Number of protein chains: 2
Amino acid sequence: MEYYKDEPSLLLAVDCIIFGFDGESLQILLIKRGFEPEINNWSLMGGFIQPSESPDEAAARILNNLTGLANVYMEQSAVFGKPNREKHGRVVSITYFALIDSKKYQQILSDKYQANWFPITDYPKLIFDHVEMINTAKRQLRSKAALYPILFELLPEKFTLPQISSLYEAVYDIVIDKRNFNRKLLSSNLLIKLNEKDKENSKKGAFYYILNKEIYKDQIMSFLRYLPSWSAQDLDK
Amino acid sequence: MEYYKDEPSLLLAVDCIIFGFDGESLQILLIKRGFEPEINNWSLMGGFIQPSESPDEAAARILNNLTGLANVYMEQSAVFGKPNREKHGRVVSITYFALIDSKKYQQILSDKYQANWFPITDYPKLIFDHVEMINTAKRQLRSKAALYPILFELLPEKFTLPQISSLYEAVYDIVIDKRNFNRKLLSSNLLIKLNEKDKENSKKGAFYYILNKEIYKDQIMSFLRYLPSWSAQDLDK
DNA sequence: TCAAAAGTGTTGACTGTACACCCATGT
DNA sequence: ACATGGGTGTACAGTCAACACTTTTGA
């Protein structure tokens with residue numbers, strides 16, 4: 001630090017916005033904060049970046065400590081750093097958003113950890129600027145998902161066509177014509193049909209599909225052009 | 001700081017990737033760094049976040065100090081924070097990208113400041129991880145511009161149709177059919193035709209247009225669907 | 001008069017959109 | 001047998017994509 005010794009240092013934190021999907025609606029994972037200040041109030045999962053780790057590593061560590069989750073899709077979202085966003089001192093926070101299949105972890109989370117899923121449309125009061133963080137992440141999720149097929153990260157490995165359309169309906173808050181959407185989806189070659197049906201959600205049963213990983217890896221969702229004439233308001237809400 | 005006093009603090013910097021367009025090709029603004037370490041080597045404009053300012057304010061201040069520019073389109077790009085990205089101590093850097101009409105500032109910049117425009121395809125060796133920062137910003141610029149009409153920020157207030165298509169050709173590194181592109185552009189109602197021609201670049205002269213700010217404000221570039229079947233590789237280069 | 005860039009129109013292919021019915025099954 | 005959700009087909013409309021020539025004017 002010989003050169004920079006006169007520069008002001010500060011605390012750098014990470015907060016994770018964890019989106020989940022249970023087959024019906026979009027959810028968000030929150031915890032009762034485990035340390036002061038604001039202990040026991042609902043909050044995003046957060047923590048401080050340690051000297052030995054990058055922000056990405058910190059986000060993965062924090063997520064793992066607080067929920068047991070690992071190997072989850074996660075990406076940098078935004079930086080929140082207004083001087084007074086925390087009253088107790090200068091803390092700048094980098095947010096990350098994660099996408100997971102919330103059904104897979106429902107039990108583990110509430111048993112071992114103080115974490116709980118809430119509907120994205122109705123969650124408790126949060127500390128600091130965490131609501132703003134969630135809104136920013138939601139906006140980014142929509143933009144990103146308009147170009148890349150990342151929403152599949154919210155589904156189980158085997159999923160059905162009705163599940164995908166519900167997912168898109170939940171994320172963009174729109175109504176989708178399933179006939180057209182399914183056609184578009186299938187013509188993308190992203191999906192491989194299995195000889196197996198999900199009988200949980202209907203009597204007839206819906207065929208399972210899995211992702212064609214080869215194509216998925218770096219595919220742009222041109223098929224998403226199907227979504228009806230967006231306006232910027234739609235994406236920015 | 002009563003609660004967080006045991007947490008590790010660090011230095012938070014801001015680096016600005018300033019994209020410019022001169023009517024022909026995409027450029028980037030670099031300076032000879034004015035302080036140690038790495039003094040006098042080419043670098044992005046950077047500096048440390050001060051206690052009284054948000055990251056956004058720091059970015060604007062640094063840009064203004066080093067170039068005289070103000071009121072420029074700027075947005076957060078990404079965070080770079082691997083523990084050893086700078087050898088002289090732990091510094092995490094938030095990058096911003098800015099878009100400006102480079103012709104407007106050509107003289108001022110090289111006279112009063114140590115700043116210089118370079119082609120985005122050919123610039124000098126940079127310090128630290130600044131090349132990676134530029135590549136990330138380029139990728140984000142492409143994604144963002146595929147959904148929002150932000151590239152107009154790179155043009156002067158009055159611009160011509162040939163200028164817009166050159167701009168899109170430069171940003172996406174593609175060849176555009178001007179007949180189709182112009183038609184699409186005009187049908188978006190984003191442009192207002194002036195009764196005045198730019199005679200600098202051709203003998204016949206090209207009509208000037210200005211943006212229809214009302215529509216521009218929150219318009220999605222659905223017209224950009226014109227761009228030929230992108231693949232993720234195209235956007236990610 | 002020639003060179004250089006601006007501007008303009010048409011057609012066929014494709015993709016998007018709107019719309020309604022039958023299917024398979026568990027109860 | 002009926003209620004529930006899954007799946008399929010067609011026709012019209014709109015957008016995209018490919019294509020070449022004329023216009024203007026300064027040198």
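A quick note: this is a predicted structure, and the numbers were derived from the prediction, not measured. A, B, ... follow the sequence lines: proteins, then strands. Residue 1 opens every chain.
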request  = Report yes if a donor N or O on one partner sits less than 3.5 Å from an acceptor N or O on the other, where the partners are the side chain of Arg179(A) and the base of dA20(C); otherwise report no.
outcome  =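 Pair found.
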request  = Answer with yes or no whether Lys204(A) presents, from its side chain, a donor or acceptor under 3.5 Å of a partner atom in the base of dA24(C).
outcome  =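 Check fails, no donor-acceptor contact within cut-off.
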Take the protein atom [atom1] of [X] and the nucleotide atom [atom2] of [N], then report the distance between them rounded to whole Å.
{"X": "Asn180(A)", "N": "dC19(C)", "atom1": "CG", "atom2": "P", "value": "11 Å"}
{"X": "Asp198(B)", "N": "dA6(C)", "atom1": "CG", "atom2": "C1'", "value": "11 Å"}
{"X": "Asp177(A)", "N": "dT8(D)", "atom1": "CG", "atom2": "C1'", "value": "12 Å"}
{"X": "Leu186(B)", "N": "dG7(C)", "atom1": "CG", "atom2": "C1'", "value": "11 Å"}

inquiry  = Can you classify the ring geometry of Phe128(B) versus His130(B) as parallel (below 30°), tilted (30 to 60°) or perpendicular (above 60°)?
reply    =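 Answer is perpendicular, since the angle exceeds 60°.
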inquiry  = Check Glu157(A) with Lys104(A), please: is the shortest side-chain N to carboxylate O separation under 4.0 Å?
reply    =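 Judged by the 4.0 Å cut-off on N to carboxylate O distance, Lys104(A) and Glu157(A) do not form a salt bridge.
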inquiry  = Strictly below 4.0 Å, N to O, side chains only: are Asp101(B) and Lys103(B) in salt-bridge contact?
reply    =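 The answer is no: the pair does not qualify as a salt bridge.
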Nearest to the side chain of [X], which nucleotide is it out of [options]?
{"X": "Pro162(A)", "options": "dT8(C), dG6(D), dG16(C)", "result": "dG6(D)"}
{"X": "Lys203(B)", "options": "dA4(C), dG7(C), dT4(D)", "result": "dA4(C)"}
{"X": "Arg183(A)", "options": "dA17(D), dG16(C), dT17(C)", "result": "dT17(C)"}
{"X": "Lys199(B)", "options": "dG7(C), dT15(C), dG26(D)", "result": "dG26(D)"}
{"X": "Ser202(A)", "options": "dG5(D), dT15(D), dG7(C)", "result": "dG5(D)"}

task = Tell me which of Asn182(A) and Asn201(A) sits closer to the 5' end of DNA chain D, going by the nucleotide each one is nearest to.
result =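 The residue closer to the strand's 5' end, by nearest nucleotide, is Asn201(A).
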key: Glu75(B) side chain near Tyr73(B) side chain, heavy-atom distance below 4.5 Å   =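 Of all side-chain heavy-atom pairs linking Tyr73(B) with Glu75(B), at least one is under 4.5 Å.
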